[in-house]
Structures are given as structure tokens and as C-alpha cells.
Amino acid sequence: MIRDTLTRQVADAIAAAQAAGDLPQFSIPDIGLMHPRPELGDYACSVAMQLARIARLPPAQIAQRIAKHVVSDIATVEVASAYVNFRLKPEFLGQQVNIVLLAGERWGDIDLGHGAAAQVEHGSANPTGYATIGTGRNVVTGDTLANALDAAGYAVHREWYVNDAGNQIRAFGASLFSHYAQAFGQDIPLPEKGYAGEDAVEVGRALAAAEGDRFLAMDRDAATRELGRMGIDLVMARIRLTMTRLGIHYDNYFSERSLYTSGRAARALEALRARGLLIDHDGALWFSEDGSPIRSGQGKRKTSDEYAESDDEPEEKGKPAPIQAVVIRSAAVVANPDERATYFASDIPYALNKVVERGFNPAVYVWGEDHQADVPRVYAAARTLGLPEGAIRLIIYRFITLMRGGVEVRMGKRKGNAILADDVVDEVGVDAFRYVMLSRSVDTKFTFDLDLVKEQKNDNPVYYVQYGHARIASLLRRAAEEHGIDLEAAYASDYPLPGEPGELDLIRRALELPEIVELVATKLEPHHFTAYAQALATAFSRFYESCRVLGTPEAVLYPRLKLCRMAQIALARALSLMGMSAPDRM
RNA sequence: GCCCCCGUAGCUCAGUUGGAUAGAGCAGGAAACUUCUAAUUUCAAGGUCGUGGGUUCGAGUCCCGCCGGGGGCGCCA
């Protein structure tokens with residue numbers, strides 16, 4: 001990447017300055033390059049200020065001495081106060097256009113992962129209902145992160161974790177039995193906390209139609225279990241359709257229940273028990289990170305007073321405090337002990353399976369904020385089990401407030417008033433759905449205003465970005481069809497760039513894509529793609545307004561056609577990373 | 001009681017790991033269509049970055065307190 005090249009050149013310059021006696025000896029710190037205001041250059045380096053104390057010199061003077069020793073074939077160097085600024089040379093920018101054209105649809109790829117296996121697990125909603133709009137934010141986030149990791153050089157695996165074990169499922173089975181029986185005129189009341197939503201009713205009826213009334217005669221417990229299992233399959237089938245529609249593909253659907261049937265859960269518990277981290281208390285089984293016993297205030301984090309009393313080592317800086325003990329198997333009396341397991345009991349073997357058995361690093365999880373309490377627990381389990389630092393990355397996204405007609409729509413899956421992802425997609429389309437879901441940081445609880453997204457059709461960043469792509473496609477089409485231009489010849493030509501500001505700005509934006517991929521892939525923040533796509537589209541619009549393409553002499557026409565092609569490639573890739581279409585006509 | 005997230009322009013939100021004069025998009029104001037898609041562009045306007053301290057050459061960004069909003073935990077999933 002260009003930024004890496006310049007960073008290296010700064011480091012070399014410091015070393016050269018030291019060798020020449022212009023700077024004293026010191027170990028060179030991490031050098032960060034940023035994008036300053038455009039008037040000041042393309043990249044800026046503030047390392048001189050960090051060095052002021054070490055080098056015992058005024059920052060401005062250090063900057064001067066570093067700049068003096070910079071050897072760069074791609075940029076010119078200027079010093080402004082204490083900053084060392086770089087401006088990419090126009091000839092270099094012109095050459096880079098060829099690089100983009102050559103990379104084509106792989107433009108933006110970087111080699112961060114070196115082919116290592118990475119996983120993004122997303123979706124993973126309870127299979128007790130169809131995909132909601134909340135699931136929508138989850139899967140769009142996860143799928144885009146997976147795209148980014150793929151572009152960053154990882155071998156990416158996409159997985160949906162099917163929560164097909166536990167209480168929720170039993171309640172779902174019982175609810176289905178009620179809806180099922182209803183189809184045969186039998187009034188069996190919904191269990192408490194049962195599923196009353198249209199999706200549950202639909203599944204119950206579908207089972208009645210497909211299976212007949214044979215379950216009515218069966219043992220009730222067995223019937224509930226069987227119906228629950230079949231119901232999950234039906235729900236998952238529907239969810240898969242929704243995912244396909246959203247352009248999301250999974251390499252695997254991982255069954256939570258398989259953790260128990262395969263013995264993985266038992267083995268993980270044994271590993272914890274061997275380390276003395278499992279504690280029986282009041283009939284329940286607890287995980288305690290530091291092995292400390294459960295105290296009177298069960299499950300509570302130790303107070304600072306209690307820490308003061310105890311002989312615990314004072315906490316080291318940066319080392320997280322041990323988590324509070326957490327129940328992994330409840331005391332509830334249920335026939336099968338596996339069914340007393342909490343989510344957390346599954347999380348442990350699942351994490352081991354991901355990182356140790358399958359070698360994913362990073363293993364990224366995308367979770368809704370309702371699971372935030374589990375975050376420190378899973379990290380704690382990873383620590384105690386000796387998983388590599390950073391192998392597990394949990395991404396928590398905030399829930400969405402849905403507005404319709406200026407009123408907030410309250411949602412709840414159990415009550416059955418959840419807004420389905422399919423319904424929203426019906427209204428706004430896949431591309432707008434994905435873009436809006438991506439346009440805010442996962443930490444932001446944002447309002448999805450259905451009316452706004454629909455009504456804004458003509459003035460919407462979603463369409464603005466796609467419009468840029470369609471405009472280019474149209475222009476290139478006309479160039480070939482109406483002007484008889486051989487586009488391949490134009491792309492292969494080597495005229496110098498006219499050098500208009502609009503041209504250079506467009507190239508700078510296109511060249512930024514690899515940096516954005518790195519940003520998204522390392523911080524696991526997909527929203528940067530939307531901001532980038534918007535900026536790139538703006539750069540193209542400005543170019544388009546200020547630089548005439550068709551009808552100009554060949555020496556202008558050809559390089560500008562190359563720029564159009566370059567912009568098209570970058571826009572298409574940005575859209576593709578976000579899982580959106582890049583239309584040729586609008 | 002404890003934990004996590006958020007608070008930036010009228011609205012919705014960015015802010016590239018602590019850098020120079022805090023940015024976009026909408027909404028509202030003023031312009032530009034004989035010109036490759038006006039789903040566009042240009043200009044102007046809009047801010048005590050919730051608040052009070054602290055850390056340092058430098059804080060929207062890091063630390064602590066407080067205020068406001070949201071979410072979660074204390075044998076639910």
C-alpha cells in the first residue's frame with residue numbers, strides 16, 4: 001500500500017538522518033501517517049512532535065531534518081510547522097490508474113491475512129421465528145465483515161449457529177403443538193411464554209398439513225419434541241430463503257445440539273474441571289474464572305472491599321478483572337442433564353471448536369446487544385483455555401428502532417409483533433436495506449425510518465453511489481457504440497494525464513480503497529465502506545461535471561476513459577464489498 | 001448494587017487508533033441545464049463536540065466524577 005511505502009520512507013529518512021549526524025541515536029517509534037486537509041498534501045506525518053523530547057530538539061527542526069533525508073520516487077515532501085507532508089506526484093497517480101485497471105474486480109485486495117483461516121459467525125438467531133429486522137442488521141454486518149476479511153487476504157468461513165438446544169426450543173415445540181392442534185379443532189392453550197407470532201402459527205399449520213393428525217395420538221412430550229425439531233427445520237428453511245435474497249451465503253449451519261451429541265461439551269467441562277474452575281453450588285454448576293468459591297451474594301462480582309480483604313494480587317494494568325461466576329448448568333430438574341445447560345455452557349466448547357479444532361483466527365462473532373453480558377464471559381473462557389490473544393473477536397451491535405408513519409414500532413419475537421426482514425426488504429429493496437444497515441457504526445442505536453428510506457428514493461446516498469456507477473457504464477457504452485471507440489485500446493494507451501484537479505482527486509479516492517479494506521478488516525467496523533463509497537461517488541460526480549470526456553481529442557479522451565473505467569472498478573468493488581449491486585442503468 | 005454502549009450542525013450520523021482551521025448526507029437559503037444520465041454540481045449558512053476536572057507539546061478521541069438516553073447481569077435464554 002502507498003501508505004506503507006511512505007511510512008517506510010519516513011523510517012529510512014530518520015535512520016539516514018541519524019547516520020548523517022543530523023539526529024541523535026534513538027530507536028525509531030511507530031510512525032503513523034494520516035490524511036491531512038487536501039491543501040496540505042496527501043499524507044502527513046507528525047512523528048517529529050513525538051521525537052521532540054527524545055531528540056531534545058524543536059519539533060519543526062526535527063521535521064526539517066527528516067524531510068531532508070527523505071528519498072521518495074512517488075511523492076514530494078514539504079515541511080509545514082512540525083509536520084512532514086507528502087504529496088503524491090501526478091505522474092505516479094497516472095501510473096496507479098493502470099494498477100487499478102489491471103487489478104479489476106480484485107482492486108482493493110490487500111495481503112493482511114496471508115491466507116489464514118478466519119471465520120465470521122453471524123445470524124445465529126434462535127430458530128423459533130423468521131428473520132427479523134434485527135437479524136437483518138446482524139447478517140448484513142457479518143456478511144460485510146466477511147467480505148472485508150476476504151479482501152484482506154483471509155480464507156473466510158461464514159457460519160450460522162443454530163440454537164437448537166435448550167429451553168427456548170422446548171417452549172417453541174410446545175407452542176407449535178398448540179398451533180398444530182388448533183388446525184384439528186383442538187384447543188390446547190399456548191404455554192406461558194409461548195410463541196404467538198404469525199410465523200409460529202404458520203409453521204404449526206404447515207406441520208398439520210404435511211404430517212396429518214398423527215402427533216395428537218402420540219405421547220405429548222415426544223410429540224412436542226418431534227414437532228419442535230421439524231419446526232426448526234421449517235423455520236431455518238425460510239431463513240435461508242431470506243438470506244439468499246439478501247445475497248448472503250453460509251458455508252455451514254452449526255448445530256448447538258451437536259456440541260452435546262458429539263461429546264465436545266462434556267470434554268470442555270472436563271477441561272475446566274481439571275483446572276479447578278467448575279464449582280457445584282446449590283445444585284447448579286458454575287464457571288468461576290479464578291476458581292474462587294461462590295459467596296453469599298451468589299453470582300455477584302466481588303466488591304472492591306472484598307478484593308481488599310482477599311489475598312488476591314493487585315490487578316495488573318491492562319489485565320481484566322476476573323469475571324463474576326456464571327452458571328453453566330442450572331439446578332432445574334429436567335430429564336436430560338444436557339437440557340439444563342445455559343448458552344454459556346455451549347459457548348465454551350463452541351469457541352474451542354472454532355479456534356482449536358478448526359483453526360480460525362480470528363473467529364468473529366456478531367451478536368446483538370442482548371448478549372453483551374456474555375462478552376466478558378467468553379473472553380474469560382478463552383483466556384482460561386489458553387486460546388491465542390485476539391483469536392476471538394466479539395462484535396456487539398445495537399438494536400434498531402423501526403419507525404413507520406412517524407411512530408416507533410415496538411418489537412418482540414415471542415409476542416409476534418417482530419418486524420420481519422423480508423417485509424422491510426419488500427418495501428425498500430435489498431440494496432437500500434443493506435446500505436442503511438451498514439451506514440452507521442454498530443455502536444449506534446439508529447432509527448430505521450421506513451417512510452424516509454422509501455420516500456428518499458430520489459435523494460438518497462444508496463442511489464447516489466449506484467448512480468455514479470450507472471453513469472460511467474452509460475458513458476462507456478456510448479463511447480463504444482456511438483463514437484466507435486475501441487475501449488481496450490483506450491485503456492491500454494499511455495497518454496499523460498491532463499492533470500485537472502478533478503482527475504487527480506478521483507484517482508486519490510480510488511487509491512484509498514485498500515486502506516479502507518484494512519481499516520474495516522482490522523477494526524471490524526463495516527460502516528467505513530458506506531462513507532468511502534459516498535466520497536468516491538462524489539469525486540466521480542465532480543470529475544464528471546468538470547472534465548468532458550466524449551468528443552475530446554484522443555490525448556484527452558483516452559486518459560479520461562481510463563479514469564472512468566478506474567472509477568467504475570472502484571465503485572463496483574465498494575458496492576460488492578457491501579453486498580450491493582452495481583447497476584449499468586438506472 | 002454492578003457492567004456495557006451512546007451524547008458532535010435543526011435532523012440522521014462520520015471523525016482513519018492523540019495531531020494542523022471538527023466533516024458528510026438530509027432539511028432550509030442562493031446559483032448553474034443547446035453539454036457524456038439534473039438520481040448532478042457550485043456557493044453561502046449552520047458548532048461552548050452533554051458537563052466539570054485530569055493526563056501532555058497537543059484531547060471530539062485517553063482517565064475520573066456528574067447529568068441525560070439505551071441495553072444487560074444477580075442459578076432466563
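Values in this document were obtained by computation on a predicted structure and should not be read as measured data. So that the names make sense, note that chain A is the first sequence line, chain B the second, and so on, each numbered from 1.
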Inset, instruction - Determine: side-chain N/O of Thr444(A) to OP1/OP2 of rG70(B), distance under 4.0 Å, yes or no. - result: no
Legend entry - Close aromatic pair by centroid cut-off 6.0 Å: Tyr350(A) and Phe254(A): yes
Inset, instruction - Could you tell me the separation between the CZ atom of Arg398(A) and the C1' atom of rG71(B), rounded to a whole number of Å? - result: 6 Å
Legend entry - Ser46(A) side chain near rG19(B) phosphate (N/O to OP1/OP2, under 4.0 Å): no
Legend entry - Phosphate OP1/OP2 of rC4(B): any His371(A) side-chain N/O under 4.0 Å: no
Inset, instruction - Could you tell me the separation between the CG atom of Asp370(A) and the P atom of rG71(B), rounded to a whole number of Å? - result: 11 Å
Inset, instruction - For rC67(B) versus rU56(B), give the span between their P atoms, rounded off to a whole number of Å. - result: 28 Å
Inset, instruction - Tell me whether the OP1 or OP2 atom of rU42(B) has a side-chain N or O from Arg542(A) closer than 4.0 Å. - result: yes
Legend entry - Arg478(A) side-chain N/O to rU37(B) phosphate OP1/OP2 under 4.0 Å: yes
Inset, instruction - In whole angstrom, give the distance that lies between atom NE2 of His35(A) and atom P of rG23(B). - result: 16 Å
Legend entry - Ranges pairing with ranges for RNA chain B, where each run has three or more Watson-Crick or G-U pairs under 3.5 Å: B:1-7 with B:67-73, B:10-13 with B:23-26, B:29-32 with B:40-43, B:50-54 with B:62-66
Inset, instruction - Ignoring backbone atoms, test whether Tyr464(A) places a side-chain nitrogen or oxygen under 4.0 Å from the OP1 or OP2 oxygen of rA24(B). - result: no
Inset, instruction - Indicate, yes or no, whether a donor-acceptor pair under 3.5 Å links the base of rC13(B) to the side chain of Arg440(A). - result: no
Legend entry - Below 4.0 Å: OP1/OP2 of rG15(B) and any side-chain N or O of His527(A): yes
Inset, instruction - Look at Arg508(A) together with Asp42(A) and state whether they make a salt bridge at an N to O cut-off of under 4.0 Å. - result: yes
